[in-house]
Enquirer: 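Got a structure for you, questions after.
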Number of protein chains: 2
Amino acid sequence: MDQKSLAMFVHLSQTLHFGKTALAFHMSPSTLSRAIQRIEDEVNSELLLRDNRTVMLTEAGRKFQHYAQQQAEQWQIFKQSLDETQQALTGKLSIYCSVTAAYSHLPPLLERFRQQHPLVEIMLTTGDASDALEQVQNKSVDFAIAANPENLPRSVYFQYLATIPLAVIAPTMNCIVQQQLSEKILPWAEIPIILPEHGPARKRFDLWYRKKQQGKPNIYATVSGHEALVSMVALGCGVGIVPQVVVENSPVKDRVQYLADVGEITPFDLGICCLNQSKSQPLIKAFFNAIA
Amino acid sequence: MDQKSLAMFVHLSQTLHFGKTALAFHMSPSTLSRAIQRIEDEVNSELLLRDNRTVMLTEAGRKFQHYAQQQAEQWQIFKQSLDETQQALTGKLSIYCSVTAAYSHLPPLLERFRQQHPLVEIMLTTGDASDALEQVQNKSVDFAIAANPENLPRSVYFQYLATIPLAVIAPTMNCIVQQQLSEKILPWAEIPIILPEHGPARKRFDLWYRKKQQGKPNIYATVSGHEALVSMVALGCGVGIVPQVVVENSPVKDRVQYLADVGEITPFDLGICCLNQSKSQPLIKAFFNAIA
DNA sequence: TCTGAGTGTTGCAAAAAACGCAACGTGTCG
DNA sequence: CGACACGTTGCGTTTTTTGCAACACTCAGA
């Protein structure tokens with residue numbers, strides 16, 4: 001019964017829903033189910049009553065919930081007390097990510113790390129998110145914030161950060177694209193489209209467009225870097241597919257609009273990556289430890 | 001990082017000796033070593049400094065020790081609070097053990113269990129400890145207190161209770177045996193010997209006697225049940241080999257003496273046994289839970 | 001009554017973790 | 001220097017955990 005199991009139980013005792021909690025912890029419901037069974041077996045009491053439709057805490061469950069929360073709290077206190085003791089690490093840590101990630105997801109991570117290890121020099125490089133994994137594999141950087149590709153190379157470790165929904169965006173200004181979009185049945189084969197050169201967003205597009213069965217897309221341009229893509233859309237060059245978060249952090253945000261009713265585009269998982277082989281290095285370990 | 005690992009660390013932080021702690025937890029030093037490494041990895045700090053000769057706590061180690069002890073305490077409190085909630089179990093639980101075990105090792109186990117489940121009827125059968133495992137496999141009883149044979153059947157579960165040292169005993173009264181024992185070089189081939197019919201003590205004797213290379217032993221009698229063996233020795237029939245604890249609980253204790261300098265006899269492990277398949281039964285689980 | 005969506009659980013095979021043994025490196029003491 | 005004591009590491013084996021797919025069950029709406 002480790003920290004993680006306890007956290008899972010606490011979460012579950014609040015949602016009272018195996019599916020949701022399993023999702024929150026990025027595991028299958030069966031795994032969660034078994035983990036709870038293990039706990040119940042260990043304390044030799046039923047903690048949750050499940051009747052195929054609802055889940056509810058038993059009396060013992062409430063007590064365990066209290067115990068688990070208390071546990072987690074003390075664990076936090078202990079870790080914090082360690083931070084005080086821990087002699088400061090020094091050195092350089094290089095990180096690669098997109099401009100957007102540097103705005104949206106990196107700051108909270110770095111903040112906690114720098115608080116614990118103020119002497120470590122952070123070297124941040126920004127660029128096309130699609131190149132992130134390559135940068136890690138090259139050993140050009142220690143870490144990268146990257147999307148999880150379907151086939152993650154064996155050599156890299158991936159720790160989930162967030163789920164990134166994609167969106168189809170169009171210019172708000174009056175232009176040819178605008179007119180095409182105002183038609184009843186969208187002429188997908190004609191609308192100029194701007195795409196990422198490669199990377200998960202590109203793959204998502206290919207999949208999504210094929211579903212429409214509209215023949216070949218009219219690809220106006222491919223660009224490297226989602227941020228540039230938003231600019232091009234804003235300029236009226238065409239419609240594009242990008243992560244929502246990129247749009248929201250874009251200075252031209254109000255010159256593009258989301259296209260609704262374009263069908264589901266499966267979001268991708270954003271995470272922090274490093275080489276498996278370097279996971280044992282002190283700075284790397286300290287970083288993961290700080291963001292955990 | 002489970003309860004057991006924490007307990008191991010606490011023990012180790014007191015002994016400061018991997019070998020001893022490993023022994024105390026019935027595992028190999030390597031397992032303990034790795035468990036500690038896992039913990040250190042998880043907290044990302046060295047907790048113990050080992051320099052091939054000595055082990056000492058670091059500052060972080062002291063903090064973790066405090067945390068671990070606190071953890072264990074809260075776990076106890078939680079379990080106890082559960083006991084209050086737990087609706088009383090009822091039924092029968094049958095246990096088999098030797099008369100000596102019923103005196104020496106059973107009472108503390110039963111006490112805790114009966115406190116939690118006063119409605120469960122305990123059915124205790126005493127007999128030769130060597131038959132204990134058989135009784136369990138027969139399903140004649142739910143539990144038995146038994147010695148761990150070298151080749152424990154797959155079907156039975158064994159939980160360690162104590163290490164039982166064996167001793168060679170002789171009568172204190174004046175008799176032939178006395179005279180033989182007073183000789184300078186003990187005439188082992190002539191001294192009458194009383195032995196358990198079978199079981200671990202018998203095996204230990206065979207091994208021990210063979211080491212002496214004195215030819216065939218003069219076996220005066222074989223008896224079933226260690227308690228009876230002590231009686232026969234007390235009566236002056238010969239010397240015998242039995243668990244020390246049997247002697248100490250014997251009413252004829254002062255009519256026998258331990259023979260010193262007879263060489264090492266490897267002690268055996270005493271434990272509580274049940275069928276693996278019955279470990280999931282509520283009463284059985286409750287019992288193990290109570291004695292854990 | 002039937003169907004379909006939404007739940008949690010279980011059989012199974014694959015993957016991961018833990019274990020013990022044996023060998024090793026490194027100190028200490030006679 | 002040689003024997004010993006102690007913790008660690010390489011390696012093959014065993015145990016545990018995992019996710020997928022199939023299942024069992026309930027409820028809502030046709």
Side-chain angles (χ1 to χ4, degrees), chain A residues 1-9 11-42 46-58 61 148 150-152 154-155 157-160 269 276 279-280, chain B residues 1-9 11-42 46-58 61 148 150-155 157-160 269 276-277 279-280:
Chain A
M1 186 162 6
D2 53 5
Q3 290 294 332
K4 199 172 146 203
S5 303
L6 294 185
M8 277 157 40
F9 180 86
H11 192 284
L12 178 58
S13 73
Q14 285 159 352
T15 63
L16 294 178
H17 190 295
F18 279 72
K20 286 177 191 164
T21 296
L23 208 60
F25 284 84
H26 306 101
M27 54 175 58
S28 69
S30 71
T31 298
L32 175 62
S33 173
R34 292 189 148 106
I36 300 298
Q37 285 169 17
R38 269 196 295 280
I39 294 179
E40 287 183 323
D41 201 69
E42 204 155 346
E46 294 209 323
L47 302 178
L48 295 164
L49 295 176
R50 339 21 161 184
D51 81 338
N52 270 340
R53 202 68 192 150
T54 49
V55 177
M56 51 180 283
L57 274 175
T58 62
N148 194 349
E150 310 76 51
N151 50 350
L152 189 71
R154 286 272 173 204
S155 58
Y157 173 75
F158 178 94
Q159 180 166 310
Y160 173 88
D269 281 353
N276 265 317
K279 259 175 63 185
S280 56
Chain B
M1 185 161 6
D2 53 3
Q3 290 294 330
K4 199 173 148 202
S5 303
L6 295 185
M8 276 156 42
F9 180 87
H11 191 284
L12 178 57
S13 73
Q14 286 160 352
T15 64
L16 294 177
H17 190 296
F18 280 72
K20 285 177 190 162
T21 296
L23 208 62
F25 283 84
H26 306 101
M27 54 176 57
S28 70
S30 74
T31 298
L32 175 62
S33 175
R34 283 187 224 271
I36 300 298
Q37 285 169 19
R38 269 196 294 280
I39 294 179
E40 287 182 325
D41 202 68
E42 205 155 345
E46 294 209 321
L47 302 178
L48 295 165
L49 295 176
R50 22 290 207 220
D51 79 337
N52 270 338
R53 202 63 196 154
T54 48
V55 177
M56 51 179 282
L57 274 175
T58 63
N148 194 348
E150 309 77 51
N151 50 351
L152 190 70
R154 285 274 172 205
S155 59
Y157 172 75
F158 179 95
Q159 180 165 312
Y160 173 87
D269 280 352
N276 265 316
Q277 64 181 69
K279 258 174 65 182
S280 56

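A, B, ... follow the sequence lines: proteins, then strands. Residue 1 opens every chain. These numbers were taken from a predicted model, which means no experiment stands behind them.
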Enquirer: Aromatic rings A:Tyr160 and A:His26: how do their planes relate, parallel, tilted or perpendicular, breaks at 30° and 60°?
Expert: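 The rings of A:Tyr160 and A:His26 sit tilted, inter-plane angle from 30° to 60°.
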
Enquirer: Nearest-Å distance, CE (B:Met1) to C1' (C:dA17)?
Expert: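 Atom CE in B:Met1 sits about 16 Å away from atom C1' in C:dA17.
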
Enquirer: Measure the distance from CG on A:Leu23 to C1' on C:dT7 and round it to the nearest whole Å.
Expert: 14 Å

Enquirer: Looking at B:Ser28, does any N or O in its side chain come under 4.0 Å of the phosphate oxygens OP1/OP2 on C:dG20?
Expert: yes

Enquirer: Please determine whether a side-chain nitrogen or oxygen atom of B:Ser33 lies at a distance below 4.0 Å from atom OP1 or OP2 of D:dT8.
Expert: yes

Enquirer: Within this structure, what is the CE-to-P distance between B:Met27 and D:dG7, rounded to whole angstrom?
Expert: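 Going from CE in B:Met27 over to P in D:dG7 covers 15 Å.
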
Enquirer: Would you mind reading off the distance between A:His26 atom NE2 and D:dG19 atom P, rounded to a whole angstrom?
Expert: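 Those two atoms, NE2 and P, are 12 Å apart.
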
Enquirer: To the nearest Å, give me how far apart CG (B:Leu49) and C1' (D:dG7) are.
Expert: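 Distance, rounded to whole Å: 14 Å.
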
Enquirer: With a 4.5 Å limit on heavy-atom distance, are the side chains of A:Thr15 and A:His11 in contact?
Expert: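 Yes, their side chains come closer than 4.5 Å.
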
Enquirer: At less than 4.0 Å, is any side-chain N or O atom of B:Ser30 found next to OP1 or OP2 of D:dT8? Yes or no.
Expert: no

Enquirer: Using whole Å, report how far CZ of B:Arg34 lies from C1' of D:dT16.
Expert: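 To the nearest whole Å, that distance equals 17 Å.
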
Enquirer: Does the side chain of B:Leu32 come within less than 4.5 Å of B:Phe25's, by heavy atoms?
Expert: no

Enquirer: Where do B:Thr58 and B:Leu49 come nearest, in terms of heavy atoms and distance?
Expert: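 The answer is CG2-CG, 3.6 Å.
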
Enquirer: Taking all non-hydrogen atoms of both residues into account, name the closest pair between A:Ile36 and A:Arg50 and its distance.
Expert: CG2-NH2, 3.8 Å

Enquirer: Output the rounded distance in Å from NE2 (A:His17) to C1' (D:dT26).
Expert: 13 Å

Enquirer: Considering only D:dT18, D:dT8, C:dG8, which nucleotide approaches the side chain of B:Pro29 most closely?
Expert: D:dT8

Enquirer: B:Arg50 side chain N/O closer than 4.0 Å to the phosphate oxygens (OP1, OP2) of D:dA5?
Expert: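 Checking D:dA5 against B:Arg50, no side-chain N or O comes under 4.0 Å of OP1 or OP2.
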
Enquirer: So, is B:Gln37 near the phosphate of D:dG7, with a side-chain N or O under 4.0 Å from OP1 or OP2?
Expert: no

Enquirer: What is the separation between atom NZ on A:Lys20 and atom C1' on C:dG6, rounded to the nearest whole Å?
Expert: 11 Å

